[in-house]
Protein chains: 2
Amino acid sequence: MTTNQLINQIKKKQSFLCIGLDVDLNKIPKHLLKEEDPIFAFNKAIIDATHHLCVAYKPNTAFYEAYGIKGWRSLEKTINYLNKNHPEIYTIADAKRGDIGNTSTMYAKAFFEDLGFDSVTVAPYMGKDSVEPFLTFKDKHTILLALTSNQGAYDFQTKTIDGVEVYKEVLKTSKTWKNSENLMYVVGATKAEYLAEIRQIIPENFLLVPGVGAQGGNLQDVCKYGMTDDVGLLINSSRGIIYASQSEDFAEAAANKALALQAEMKDILAK
Amino acid sequence: MTTNQLINQIKKKQSFLCIGLDVDLNKIPKHLLKEEDPIFAFNKAIIDATHHLCVAYKPNTAFYEAYGIKGWRSLEKTINYLNKNHPEIYTIADAKRGDIGNTSTMYAKAFFEDLGFDSVTVAPYMGKDSVEPFLTFKDKHTILLALTSNQGAYDFQTKTIDGVEVYKEVLKTSKTWKNSENLMYVVGATKAEYLAEIRQIIPENFLLVPGVGAQGGNLQDVCKYGMTDDVGLLINSSRGIIYASQSEDFAEAAANKALALQAEMKDILAK
């Protein structure tokens, strides 16, 4: 998917919501455990109930890998279901990969070609030649970790290299990489106060913003400092939406939570 | 596996060689493509021919993920084969994972419990709470990326935070984390000249050293600066061993390459 197609979807739906499909068998409604593939059954119900309210879905691969081959099959079924039934929706493999060049190429093929995701999250620690293999794929985005939503972000990301924070060094350096127009960045909603300075370095790139909801980030603050003329934000909520209820009404409850966020986004877009 | 069990194996085999099982269907002998599971058939032949010469095997998960569910089945068969037939051999899932706390726990379970690896490689960018979930597992090691073998290592890892290189900051900070005795570190053989200073910070932890062979690193230099009283090194070679021949004699050719490295290691250990 191109960035313009994503922007058009945002305008049409009046939403820049991304729903994180982080499926934990201990947290989904018990009645689904009787299904042949409970993870896919859960995802399908969530997607059917929320696809008109969000513009993106983001399965975190850890939750699928934890169930081995069965989990990978659930992931494959989920992305296939999305690509077949909702091809207009943007898909993110939250995999946080990154390795030396020839190995990163294998990861890129796995997520972009075999699974057919529109984007994948990538860790920056190994530098240019670990990220550029992802950037060569046409109409695919590479979402680089910049300033993450967790407490550990303060261990290294906010330390300063010659007066410049590590995450800013990542932003600045990555702009010089080949096909850097295909970059988006992860910036946690819990770090909204950093967004104004981040926008000085990357005024236009889309940001994937986790941490609204369960982790305590605030949507209004994120939009105030991070929004661009083309919106430029994908706000992710995972647990806050998909685990809104653990009863048979879980999908409806998820849709209600998604609707509340979408309504808030519509208001912000109208300003 | 405990660190002592690993050290005992090294002394017994007079080897600290790790063989990287980075299987690319475009590079393995053509006759194997007729097999039901060519990747596992290749790994099994390599393991059968080399297990007495090395102390560890390291599949890089990217090469398995690239083939989807089939690839994950090959990875599962490979680790099961190792754990059943060669339980004394140390196993490394080269996965370079790392995410927020509850998600890292899912990754740790996937690699330590479900697949049964002895260790997993982890990226440090997201800090303490992304790594500590891995460290809680008893008799398992977490191998943290410190100074990688690729050119991109100079983009961020060697930059200085208040005069201290980022990779050194990673070493120093990670020592303060809970269960840090379960840490090993990745240091590329192509950066052997950094090892003396690294050993001042982490005098005892094992290092996983990729980059000998195809990437140009030198075994003698790595040992000169990186070896401890308990050896403290796992030297990895992937392509240089497993792709020594693309003919029917590929396993024998791999064993010859492994033997050459093991012989060199034996000489070093005798000094």
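Order of the sequence lines fixes the chain letters, A, B, ..., with proteins taken first and strands second; residue numbering starts at 1 for each chain.
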Which of A/Glu169, A/Met126, A/Glu132, A/Lys96 touches chain B most, by non-hydrogen pairs under 4.5 Å: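 The answer is A/Met126.
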Top contributor to chain B contacts, counting heavy-atom pairs under 4.5 Å, from A/Ala66, A/Ala108, A/Ala110: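 Top count of heavy-atom pairs under 4.5 Å with chain B: A/Ala66.
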Sorted by number, residues from residues 75-82 of chain B in contact with chain A (heavy atoms, under 4.5 Å):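 Contacts with chain A: B/Glu76.
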Check: A/Tyr125 main-chain N/O paired with B/Gln157 side-chain donor or acceptor under 3.5 Å: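 Flag set: sc B/Gln157 to bb A/Tyr125 pair under 3.5 Å.
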Toward chain B: residues of residues 171-180 of chain A with heavy atoms under 4.5 Å: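 Residues A/Thr173, A/Trp177 are the ones that qualify, each having a heavy atom under 4.5 Å from chain B.
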Members of residues 143-155 of chain A whose heavy atoms come closer than 4.5 Å to chain B: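 Residues A/Leu145, A/Ala146, A/Thr148, A/Ser149, A/Asn150, A/Gln151, A/Gly152, A/Ala153, A/Asp155 are the ones that qualify, each having a heavy atom under 4.5 Å from chain B.
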Of the backbone (N, CA, C, O) and the side chain (C-beta and beyond), which part of [X] lies under 4.5 Å from a heavy atom of chain B, both, or neither?
X: A/Val170; answer: both
X: A/Pro124; answer: both
X: A/Asp114; answer: side chain
X: A/Asp162; answer: both

With a 4.5 Å limit on heavy-atom distance, are the side chains of [X] and [Y] in contact?
X: B/Lys159; Y: A/Val166; value: no
X: A/Tyr107; Y: B/Thr61; value: yes
X: A/Tyr64; Y: B/Met106; value: no

Separation between NZ of A/Lys109 and CZ of B/Phe63, rounded to the nearest 0.5 Å: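 The NZ atom of A/Lys109 sits 10.0 Å away from the CZ atom of B/Phe63.
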B/Tyr167: partners by ring-ring contact (aromatic ring centres under 6.0 Å, His included), with sequence neighbours left out: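 Counting only residues at least two positions away or on another chain, B/Tyr167 forms a ring-ring contact (aromatic ring centres under 6.0 Å, His included) with B/Tyr194.
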